[in-house]
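Taking it in order: structure first as structure tokens, then the write-up.
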Amino acid sequence: MKPFYITTPIYYVNDVPHLGHAYTTIAADALARYHRMRGDDTRFLTGTDEHGQKVEETARKRGLTPRQLTDEVAPRFVDAWRALGISNDDFIRTTEPRHAKVVHDLWRKVADAGDLYLATYQGWYCVGCEAFYTESQLEKNGEAWHCTTHKRPVDWVDKERSWFFKLSKYQQPLLDYIAQHPSFIQPEQYRNEVVAFVKSGLKDLSVSRTSFDWGIPVPDPDPEGHSHVIYVWMDALTNYLSALGDEGSPERRFWPATCHLIGKDILRFHAVYWPCFLMSAGLPLPRTIYTHGWWSVKGQKIAKSMPATRIAPLELSTQLGVTSRELGVDAMRYYLLREIPLGNDGDFTFDSMFSRYNADLANDLGNLVSRSLTMIGKFAPQAPPRHDAALAADGAHRALADAAATAIRDGAALLDTYAVSRALEAIWGLVREGNRYVDATQPWVLARDAAKAGELGHVLHGLSATMWILARLIAPVLPETSRVLRGWLGDDTALSWPDPAAFAAAPDRLPPGPGGVLFPRLDDKKQAAIEAAVLPLAAEPAAAPAPAPAPASVAPAIAFDDFAKVELRVGKVLTAVRVPKADKLLHLSVDLGESKPRSIVAGIAQRYAPEELVGRQVLVVANLAPRKMRGLESEGMILAAGDDAILGLGGVDADVPPGTRVR
Ligand code: MSP
């Protein structure tokens with residue numbers, strides 16, 4: 001089996017997951033899912049970057065220790081990816097001991113190669129980028145030098161004792177490597193950018209800091225007695241290796257990584273520093289560093305200071321999922337991956353998203369599926385689906401089979417080269433051909449003529465084969481839609497990428513039922529309601545309100561039997577969104593270990609931001625009669641402390657399975 005190892009950047013825990021983070025993670029997820037379908041030995045890694053000055057400063061501002069901050073925020077990434085159905089095989093945190101060990105191993109190797117020396121650093125540092133800059137790389141704004149990315153003043157680092165890495169030594173070897181490996185840095189525009197940067201001259205790099213201590217300690221002693229922590233980028237980049245375990249562990253077979261998928265903001269660290277560290281350590285370089293563009297929201301950069309840009313991916317998908325949140329996730333994935341090619345910048349707007357949804361998902365795909373299932377259901381009793389090789393040779397029949405083969409072949413070739421948007425375009429070529437096929441063959445006309453039963457059966461087979469194939473081709477990007485569609489088709493065969501000849505051989509099995517609507521059309525009213533309900537993601541968790549005075553008296557005693565009637569259970573919050581036009585209410589789905597999560601409306605929105613609750617354990621009154629609140633079904637009550645103002649949520653101090661009884 002061919003190994004395929006794909007990684008996302010590990011995200012800083014100074015922010016909570018927003019649309020930009022979700023984009024990289026979703027793109028990597030689609031590629032990982034595709035390679036699993038190809039039968040490749042696939043590994044997909046994501047995680048969090050928890051050290052460095054930026055995280056330390058954020059913690060200080062919030063009155064937390066860095067450890068408290070990282071322990072609070074890292075689970076939000078874990079939970080967000082779980083709620084979005086991301087299929088990562090591992091999640092690495094740079095504060096884990098397994099990581100520090102491998103960082104030390106790498107440091108040792110680089111030191112043994114003679115590439116580290118002690119010196120004094122003086123210069124500019126951008127805490128936002130966690131990077132040193134020369135003045136030629138900055139811009140002057142008034143009197144102060146500013147970072148061109150973060151548009152904020154940079155800090156002056158005054159004569160800090162530091163270990164230096166001999167980056168300059170690798171200038172030529174790196175240029176040679178890039179020249180010999182055309183697929184190393186992709187797309188091409190980014191390769192050119194890196195080559196120009198390297199040619200302009202690489203200076204040795206400061207790879208340790210002594211002015212703060214939130215990082216992995218340098219293993220080598222400093223003869224002057226300073227204690228150093230390893231530069232956060234050297235620490236962070238090593239996650240791609242450390243998540244595979246020590247040398248000799250079975251997961252190390254995945255090295256070198258097939259693809260580091262990154263945003264264009266962090267190209268230099270990945271395409272210059274990381275390869276040079278690896279060369280110094282005598283380790284092979286990743287095969288491809290694939291750089292994607294940058295999403296803005298309605299023309300503006302996504303920023304903590306700009307609430308309107310802070311689209312919460314989970315809320316967006318919950319609102320977009322008219323029939324289910326999971327299908328909303330798929331609709332969001334489709335929009336993000338179809339709208340722009342992976343290397344380009346994109347601008348998120350609700351209008352462009354609704355247009356894509358209505359045109360491609362509701363109309364093209366939705367129509368094909370519902371028409372096909374309806375016709376198969378109606379006509380199969382008189383003309384069972386059966387492929388007829390003689391009919392298949394010409395006209396509309398031939399066009400459909402050709403479109404299927406093309407979608408399978410081109411879709412694969414494009415996904416193999418990270419052209420996800422174009423792959424979807426190729427796959428939609430088959431969706432559109434399927435719709436044309438229905439119009440051209442007019443099964444309802446064939447059905448009127450008993451002599452045409454053979455042709456009708458062939459058409460029904462064609463439609464069922466098209467759906468069988470599409471259910472597979474869409475699976476990397478629309479995994480839940482694929483699952484639902486395969487259920488409707490009664491298709492329980494293994495999910496693999498079909499062979500170009502699959503059309504004729506697609507199973508003739510009859511769908512067990514009529515199916516349903518995957519993506520209902522969104523009219524103007526629904527669009528406005530969705531847009532209004534997607535509220536901005538909070539930059540920080542809501543602050544705790546002042547403590548309330550203790551209640552004056554306790555209610556009259558009740559008998560134990562009365563208390564025993566209340567069924568309390570531990571629940572786990574799967575999703576949480578604000579209820580439109582109700583500032584106190586959140587709408588939660590809570591796992592109580594039952595066949596489906598409970599829908600619960602809770603008056604806790606003034607104390608908790610939705611994204612804070614996802615993944616959290618809560619106590620639920622599980623046998624309260626359901627009631628409707630603001631048109632939403634509430635099937636339980638969450639226990640919370642406080643009278644009018646909620647001060648805290650009830651919970652358990654151990655991780656227990658959802659549904660566990662509380663007494
Ligand atoms: N911690 C570093 C990466 C270390 S990797 C060894 C970091 N973290 S980050 O939290 O700032 O995440 C940056 C990444 O998030 C980008 O490279 C990109 O993958 C993704 N995005 C963040 N905002 C984005 C957009 N607005 N648009 C697209 N992707 C964006 O840098």
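Here the structure is a predicted model, which means the values were calculated and not measured. When a ligand or atom number is given, it counts from 1 through the structure's own listing order. Side chains included, hydrogens not; waters and symmetry mates left out as well; all remaining heavy atoms used.
- Cation-pi check for Arg209 over Tyr125 is met; the charged atom lies under 6.0 angstrom from the ring centroid and within 45 degrees of its normal.
- Residue Gly293 has at least one heavy-atom neighbour below 4.0 Å for each of these atoms of ligand 1: 28 (C).
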Between Thr258 and Arg287, is the side chain to side chain donor-acceptor pair (under 3.5 Å) condition met? List the steps.
CA-CA 5 Å; Thr258 319; Arg287 297 201 193 286; 5.7 Å; no
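- Here the two rings, on His260 and Tyr290, have centers that are 6.0 Å apart or farther.
- Between Tyr334 and Trp428, the two ring planes are tilted [angle within 30° to 60°].
- Side-chain contact between Tyr23 and Pro313 is absent, with no heavy-atom pair separated by less than 4.5 Å.
- Of the candidates Asp265, Ile262, Thr238, it is Asp265 that places a heavy atom closest to atom 17 (O) of ligand 1.
- Close contacts between ligand 1 and His18 involve ligand atoms 22 (C), 23 (N) [criterion: under 4.0 Å to a heavy atom].
- When the heavy atoms of Phe77, Tyr12, Phe348, Phe269 are ranked by distance to atom 9 (S) of ligand 1, first place goes to Tyr12.
- Annotation for ligand 1: atoms under 4.0 Å from non-hydrogen atoms of Asn239 are 6 (C).
- Closest to atom 4 (C) of ligand 1 by heavy atom, among Trp233, Trp294, Tyr23, is Trp233.
- Residue nearest to atom 6 (C) of ligand 1, selected from Tyr11, Trp295, Tyr273, Tyr240: Tyr240 (by heavy-atom distance).
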